[in-house]
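So the structure is just underneath, and the comments pick up after that.
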Amino acid sequence: MSEAVFRTSPTRARRRPWWLVGISGGLVTAIPVVLIGIAVILIAPTYYQNLAATAAINLVIVVGLQVFMGNSGIAHLGHSAFAGLGAYGMAILATPLMMKRLSIPNAPFGLAQVELHPAIAVIVTLAVVAVVAVISGRVIARLSGIAATIVSLAFLIVVHSMFLHWPALFKGNQGFFGIPQVVGLPAILACGVAVIVIARLFRESPNGLQLRATAQNPQAADALAIDARALRRQSWVLSALICASAGILYALFAGTISPRIFYFQQVFMTLAMLILGGMGTVTGAVFGTLILSIGLEAIRIFESGGVVAGLTLPPMLGLSGVALGAVIVLCMALRPQGICGPKELDEMLSGALRRLRGTK
Amino acid sequence: MEYFVQQLVNALAFGSEYALVALGLAVVFSIMGLVNFAHGEVIGAIAYSLLLTASVGLSSPFLAVVLAVLAGIAVSVALERVAFRPVRNAPTTTGLLTAFGVSILLQNMFQLLISPRPQAFSLFNGMSTTWHLGPYSVSSLQVMEFVVAAISMAALVLFLNRSTLGVAMRAASRDFSTVRLMGIRANRVIAAAFAISGALAGIACVFILARRGGVAPDMGFGLVLKAFVACVIGGFGSLIGAAAGGMLLGFIEVGLLAALPQEMGGLKEAFTYVIVTLILLYKPEGLFGTRRELGDKEF
């Protein structure tokens, strides 16, 4: 009898292992990023190359946000804190000693005398972020939905006020400059693709699937003996590491960082990107970032004022913020799944292919 | 002793302000499960409408207080109608993110339409004088803040216990569908919750303006974050919890301010949030919340 049950589900036999789905699906999802990236590298002027690099860094943050928020269903507003920790980790570890004597001469723990090769600094920074993430993850995973969101917000504020009010180590309100600029657009894009594949791998893995189940129906997941807390902790740490790598990339790309970059402005923007695309899928994260990056750049032309198409416009500060808010509100009201819907890009493509074959 | 009394009054005043705002959040949350991030922008909208009426000639502070409460009710109810009704039956996260979006939208609208810079507002400056109560001198504003907050909370309790609508609201916070089966209009109950929340925001706004003497686009945002924390400590959705959480937060902040050395004053926020997180670790459902209540709201 049990054999009969097995035989009635033919899709079961054809299913590929999850890691294969994750890797191939991730690569398919990353195709638009790669295509646009190559086009920009080949033909765009430097100004647009820089814009594309910033957008690609935002993409990494949004994907990192998706790993926790999309799978666990808990709104996460503290991801920029991890990006900030990553960036400041690089600033403190990799900045040349001569620059450090100007910026943080009295750094505690003997950090004023440390100058690591960027590659080693990346590893040390990620290790430190992992420790912070494991500790904060234990707190977050204990709390239920709203309390977890508020604590993630509290985490953002705690980290930000540490950046501001511990000038001996973080240089306070002023920008931290002189970080070696060793990363360009191609490297950032490569990281973006890698991160997309990692996010897909997590989503398709047994743990990712179980975590999504806890988000959909906590009681049923509980009844199946799924440990929601442990899974939330895992995705929190992974999400933190991805966001931190975005911060690391930003520091190594821009060379200058300040606390303001990693605060509410960035939280709003990346959140709007994820919601626009749809937080349930990595595809949503990718497309949301693409669309909103381009849209915001168009809006910034109006924001700064000046002459557009023969019309003289006054500067309209806050216009991009209004657009971000409107995107979030409208998406939530009209299409809470986001514009990409509940399916990943490769699933949509294979579905379309199957339908084509079926009609033949 | 003098110092102690002053700090006590300080803590009570801060606590009342947080409690007023936190109650505004809790009233809405207890009924429709909405985490209203946009509450701070309701406060902002009230402040800007007072600023506008003052610039066209309003000069009576009493009239301004009435206007603040009315504006709060109007803005809050309007937001419910426009933004929150479409997501009323959606999961908590959807409502939370919508409210977050509304908050960003309004904050930037203030920037765009009025000014990104703070505007001076001096109508309530007369409220702040020094009173001599026996041997102690205290700020009149702080005493008034505490007294007014206590009166409005008492009024709220009276309303919730004695009026039909109030009883319906309390019942709705337990089980909305049964309340609707009793023939009570859902829209009316929810509008009433938003109206109360707006009125409380109006009262809070008067004191914020009197203390700060100015209006800025993000004036409500930081305050609402604190009020959220107050709600979470007290147990989200519990009205007593919100009031108690607000008071506790006021005491934590003033205590830290008094205890921390001068050069670490900037870290007050960080320490506050760390303490709050520790409280939550000890009691994840908040001081006055229960597991069952949280479970009901989640699903």
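Just so it is clear, the structure is predicted and the values come from calculations on it, not from any experiment. Every chain is numbered from 1 and lettered A, B, ... according to where its sequence line falls, protein lines coming before strand lines.
If you measure heavy-atom distances from B/Leu113 to chain A, you find no contacts under 4.5 Å at all. A/Leu271 touches chain B through its side chain: at least one heavy atom from C-beta onward sits under 4.5 Å away, while N, CA, C and O do not. Within the 4.5 angstrom heavy-atom criterion, no atom of A/Ser320 approaches chain B. Within the 4.5 angstrom heavy-atom criterion, only side-chain atoms of B/Phe221, from C-beta onward, approach chain A.
A pairwise comparison of heavy atoms in B/Thr98 and A/Val329 identifies O-CG2, 3.8 Å as the closest pair. In plain terms, the two heavy atoms of B/Leu97 and A/Ala75 that are nearest each other are CD2-CB, 4.2 Å.
The shortest side-chain heavy-atom distance between B/Val229 and A/Ile150 falls under the 4.5 Å cut-off. Residues B/Leu225 and A/Phe264 are in side-chain contact: their nearest non-hydrogen atoms beyond the backbone lie under 4.5 Å apart.
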**Message:** As a quick check of understanding, evaluate ring pair (Phe, Tyr, Trp, His ring centres under 6.0 Å) for A/Phe268 and B/Phe100, giving each step before the final call.
**Reply:** CA-CA 9 Å; A/Phe268 293 156; B/Phe100 203 60; 5.3 Å; yes
**Request:** Show your reasoning for whether side-chain contact (heavy atoms from CB on, under 4.5 Å) applies to A/Val322 and B/Leu112.
**Result:** CA-CA 9 Å; A/Val322 172; B/Leu112 189 63; 4.2 Å; yes
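Taking a 6.0 Å sphere around CZ of B/Arg85, one finds it holds more than 12 heavy atoms contributed by other residues, nucleotides or ligands. More than 12 heavy atoms of other residues, nucleotides or ligands shown are found within 6.0 angstrom of CZ on A/Arg335. Annotation for A/Gln210: atom CD counts as buried by contact number, over 12 foreign heavy atoms lying within 6.0 Å. Around atom CG of B/Leu287, more than 12 heavy atoms belonging to other residues, nucleotides or ligands sit under 6.0 Å away.
Distance check: A/Leu319 CG to B/Met109 CE gives 10.0 Å after rounding to the nearest 0.5 Å. The distance from the CG atom of A/Leu77 to the CG atom of B/Leu96 is 6.5 Å, given to the nearest 0.5 Å. In this structure, NE2 in A/His165 is found 7.5 Å from CD in B/Glu269, a value given to the nearest 0.5 Å. The distance from atom CG of A/Leu324 to atom CG of B/Asn108, rounded to the nearest 0.5 Å, is 7.5 Å.
Remark: B/Ala90 pairs with B/Val87, B/Thr94 by the side chain to side chain contact (heavy atoms under 4.5 Å, CB included) rule, at least two apart or across chains.
Without hydrogens or angle criteria, B/Thr93 side chain to A/Gly73 main chain gives a donor-acceptor distance under 3.5 Å.
When A/Val151, A/Leu334, A/Ile157 are compared by the number of non-hydrogen pairs under 4.5 Å with chain B, A/Ile157 comes out ahead. The candidate with the highest count of non-hydrogen atom pairs below 4.5 Å against chain B, out of A/Ala272, A/Ala333, A/Gly321, is A/Gly321.
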